[in-house]
A.B. asks: 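Please read through the structure below; I'll follow up with questions.
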Amino acid sequence: MDDHPDIAIIGGGIVGITSALELRRRGHRVVLLDRGQPGRETSYGNTGVLSDASIVIVNNPGLLKQLPKLVRNTGLKLRYSPAFVLKRLFWVLRFLSYCTRRHFEHAAAALRAIQVLSLGIHKALIAEAGVDHLLRHTGWLKVFRSQESFRAYDMERGVLEKTGVRHTVFSADQLAQIEPGLARVFVAGVLMEDTCSVSSPAALCDAYVALFVAAGGEVRQAAVTGLERTPDNKWRVILDQAPPIEANSVVLAAGPWSAEIAAWLGYKIPMAWERGYHVHLEPGEGPALTRAVHDIDRGYVMSPQLQGVRVTSGSELTDRDAPPNYAQINEVAAMARDVAGLGEAVENTPWMGRRPTLVDSLPMIGKAPRHDDLWFNFGHHHTGLSMSAGSARIIADLIDGKAPPIDATPFRPNRFRL
Ligand SMILES: Cc1cc2nc3c(=O)[nH]c(=O)nc-3n(C[C@H](O)[C@H](O)[C@H](O)COP(=O)(O)OP(=O)(O)OC[C@H]3O[C@@H](n4cnc5c(N)ncnc54)[C@H](O)[C@@H]3O)c2cc1C
């Protein structure tokens, strides 16, 4: 047990795990702290897409046009708690203020760079961890129910072309050939050719934790309850029911809980939570899905997983810890069942997770503005699995005083007044 590590990482989701692994491999003595088993919160229940192409942010210019429809609050892509929106009105207005063409293009370029970097690292780590059986190279398919919705996708296609995302458009007949398990309700599809996916994000987390431990890293199961500076300029990390740790540096990578922890030191992190749900459905009798499929018009994704076909819902904007509301996932699970001929639900209760979203829909990766040796790595919203390995490379380079392999300035914490 190392109570004086070089670096303590708070949060053992995929972002904390990959950061721990990268830093340990560079020779730092690293302790990864999680209040539970690593990889069992948001990083457990996602769709498993390792994307190089999820670069169109939710608060894009098109969102403003959809606002009149969103007021009804019955859509499947986004539901919200009116009470939360009122309580966090300033956050919501700030989020909407980023719906500009300029920010859209800035965010797309930044996300594309980090996702490409990340995907390459993930592939190498997956091979090294010996879990190639989890990885699929079959791309990520978006399907459209009408020509109108396909035309509305033009803005995104323009960005894909501009940023060099390899993609192919399929007609209804071609869709029937590449995914024969889908009902013929879709008029077109777009396949992101280079995107990969995994059949168990939790197993991926476990495999990376095993690499970290094999490299000499330590995982400690304990809840962090406080953070203090010591007189000799170290960080004292206070733990629930365990003695504190004194570390030279701290990386805060606690995903949806990061804003709360940063607030202990006076930071006001502009974070909200786009919650999401999943259920697993038994595969049906017909041809099995071979890749993650996104029903664009209904805002859900079907992804073949070890536990069954995982159906994940769109976003629910509400308090991080509000009681779950299963209406959205129940509706889309019924649609997925019809569209892919799927069977019964595997579990009795859907899973719920929280996408940690910052107002500009970019993660925060870099030095904490007002404290030395404190590093932020959180806010990875819809694509934290995809971006984690690249974020880890960036944070490790910044800690080591090296230039990151891509421009990390779009992610710097001091882009906000915190
Ligand atoms: C429905 C859904 C589908 C998604 N699909 C995809 C996808 O296909 N591809 C993709 O790239 N991304 C996807 N995402 C997003 C992705 O899952 C997240 O961005 C990512 O998991 C965030 O990882 P994290 O490590 O930051 O947070 P988490 O995984 O939530 O980890 C944070 C960790 O911090 C720990 N922690 C919190 N507080 C403390 C404390 N006080 N002390 C100690 N430990 C603490 C928690 O226990 C937790 O393990 C999806 C998300 C959802 C909800």
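Computed from heavy atoms alone, side chains included, the values below leave out hydrogens, waters and symmetry copies. In this text, all values refer to a predicted model and were calculated from it rather than measured experimentally. Order of appearance sets the numbers: ligands from 1, and atoms from 1 within every ligand.
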A.B. asks: Check this for me, if you would: do Glu260 and Arg320 make a salt bridge, where the nitrogen-to-carboxylate-oxygen distance has to be below 4.0 angstrom?
C.D. replies: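 Looking at Arg320 together with Glu260, the answer is yes, because their closest N to O distance falls below 4.0 Å.
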A.B. asks: Salt bridge or not for Glu331 and Arg337, using N-O below 4.0 Å?
C.D. replies: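 Salt bridge between Glu331 and Arg337, a charged N being under 4.0 Å from a carboxylate O: no.
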A.B. asks: Taking atom 2 (C) of ligand 1 as the point of reference, which of His122, His380, Arg40, Arg355 owns the nearest heavy atom?
C.D. replies: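 The residue whose heavy atom sits nearest atom 2 (C) of ligand 1 is Arg355.
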A.B. asks: Return a yes/no value for Gly36: is any of its N or O atoms, backbone included, closer than 3.5 angstrom to an N or O of ligand 1?
C.D. replies: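 Not met; the criterion fails.
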A.B. asks: May I ask you to say whether Asp372 pairs ionically with Arg229, meaning some side-chain N is under 4.0 Å from a carboxylate O?
C.D. replies: no
A.B. asks: Is the shortest side-chain N to carboxylate O distance from Glu105 to Lys162 below 4.0 Å?
C.D. replies: yes
A.B. asks: Is Ile261 touching ligand 1 with its side chain, its backbone, both, or neither, if touching means heavy atoms under 4.0 Å apart?
C.D. replies: side chain
A.B. asks: Please state which part of Ala222 comes within less than 4.0 Å of ligand 1, counting heavy atoms only: side chain, backbone, both or neither.
C.D. replies: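 Within the 4.0 Å criterion, Ala222 contacts ligand 1 through backbone atoms alone.
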A.B. asks: Does the residue Ser303 have a heavy-atom contact with ligand 1, meaning some pair of atoms that are separated by less than 4.0 Å?
C.D. replies: no
A.B. asks: Would Thr47 count as being in polar contact with ligand 1, using the rule that some N or O on each side must be under 3.5 angstrom apart?
C.D. replies: yes
A.B. asks: Out of Arg310, His294, Arg35, His278, whose heavy atom is nearest to atom 39 (C) of ligand 1?
C.D. replies: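 Shortest heavy-atom distance from atom 39 (C) of ligand 1: Arg35.
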A.B. asks: Would you call Glu316-Arg275 a salt bridge at under 4.0 Å N-O?
C.D. replies: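 Result for this pair is yes, salt bridge flagged.
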A.B. asks: For Ser386 and ligand 1, does the shortest N/O to N/O distance drop below 3.5 Å?
C.D. replies: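 Between Ser386 and ligand 1 (N or O atoms, distance only) the closest approach is under 3.5 Å.
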A.B. asks: Does ligand 1 have a heavy atom under 4.0 Å from the side chain of His381, from its backbone, from both, or from neither?
C.D. replies: backbone
A.B. asks: Mind listing the side-chain donor-acceptor pairs of residues 342-350 below 3.5 Å, one per line with the distance, residues two or more places apart or on another chain?
C.D. replies:
residue	atom	partner	partner atom	Å
Glu347	OE1	His280	N	3.4
Glu347	OE2	His280	ND1	2.6

A.B. asks: Mind checking whether Ser43 has an N or O less than 3.5 Å away from an N or O of ligand 1?
C.D. replies: yes
A.B. asks: Is a side-chain donor-acceptor pair under 3.5 Å present for Arg136 with Ser197?
C.D. replies: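 Yes, because at least one side-chain N or O of Ser197 sits under 3.5 Å from a partner of the opposite role on Arg136.
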A.B. asks: Nearest heavy atom to atom 46 (C) of ligand 1: which of Leu32, Ile10, Val198, Asp34 does it belong to?
C.D. replies: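 Closest candidate by heavy-atom distance is Asp34.
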A.B. asks: Specify the protein heavy atom at minimum distance from atom 50 (C) of ligand 1: its residue, its atom name, and the distance to 0.1 Å.
C.D. replies: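 So the nearest neighbour among protein heavy atoms is Asn46 CB, 3.3 Å.
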A.B. asks: Counting non-hydrogen protein atoms only, what is the nearest one to atom 34 (O) of ligand 1? Give residue, atom name and distance.
C.D. replies: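 Answer, as residue, atom name and distance: Gly11 CA, 3.4 Å.
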A.B. asks: Using a strict cut-off of 4.0 Å, indicate which atoms of ligand 1 neighbour a heavy atom of Val49.
C.D. replies: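 Listed by number with element, the hits are 7 (C), 8 (O), 9 (N), 10 (C), 11 (O).
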A.B. asks: Test of understanding: given a 4.0 Å heavy-atom threshold, classify the contact between His382 and ligand 1 as side chain, backbone, both, or neither.
C.D. replies: backbone
A.B. asks: Strictly under 4.0 Å, does any heavy atom of Pro256 approach an atom of ligand 1?
C.D. replies: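 In this structure, Pro256 qualifies as a contact of ligand 1 - some heavy atom is under 4.0 Å.
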A.B. asks: Return yes or no for this condition: an N or O of Val15 is under 3.5 Å from an N or O of ligand 1.
C.D. replies: yes
A.B. asks: Do ligand 1 and Val224 have nitrogen or oxygen atoms that lie under 3.5 Å from each other?
C.D. replies: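 Between Val224 and ligand 1, an N or O pair is found under 3.5 Å apart.
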A.B. asks: Compare Gly39, Gly255, Ala292 and give the one whose heavy atom is closest to atom 27 (O) of ligand 1.
C.D. replies: Gly255
A.B. asks: Does either side chain, that of Ser386 or that of Thr383, offer a donor lying less than 3.5 Å from an acceptor on the other one?
C.D. replies: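 Result is no, nothing qualifies.
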A.B. asks: For ligand 1, which is the ligand I care about here, please tell me if Thr42 has any N or O atom under 3.5 Å from one of the ligand's N or O atoms.
C.D. replies: yes
A.B. asks: Should the ring pair Tyr326 and Tyr277 be called parallel, tilted or perpendicular, given that the plane angle runs from 0 to 90° and is split at 30 and 60?
C.D. replies: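 Tyr326 vs Tyr277 ring planes: perpendicular.
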A.B. asks: Output all residues satisfying ring pair (Phe, Tyr, Trp, His ring centres under 6.0 Å) with Tyr208, sequence neighbours left out; order by chain, then residue number.
C.D. replies: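 Once residues adjacent in sequence are excluded, the partners of Tyr208 under the ring pair (Phe, Tyr, Trp, His ring centres under 6.0 Å) criterion are His122.
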A.B. asks: The test is side-chain contact (heavy atoms from CB on, under 4.5 Å); show your working for Ile365 and Phe376 and say whether it passes.
C.D. replies: CA-CA 5 Å; Ile365 311 168; Phe376 290 163; over 6 Å; no
A.B. asks: Parallel, tilted or perpendicular: which fits the ring planes of Tyr44 and His278, with parallel below 30° and perpendicular above 60°?
C.D. replies: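 Geometry flag for His278 against Tyr44: tilted rings.
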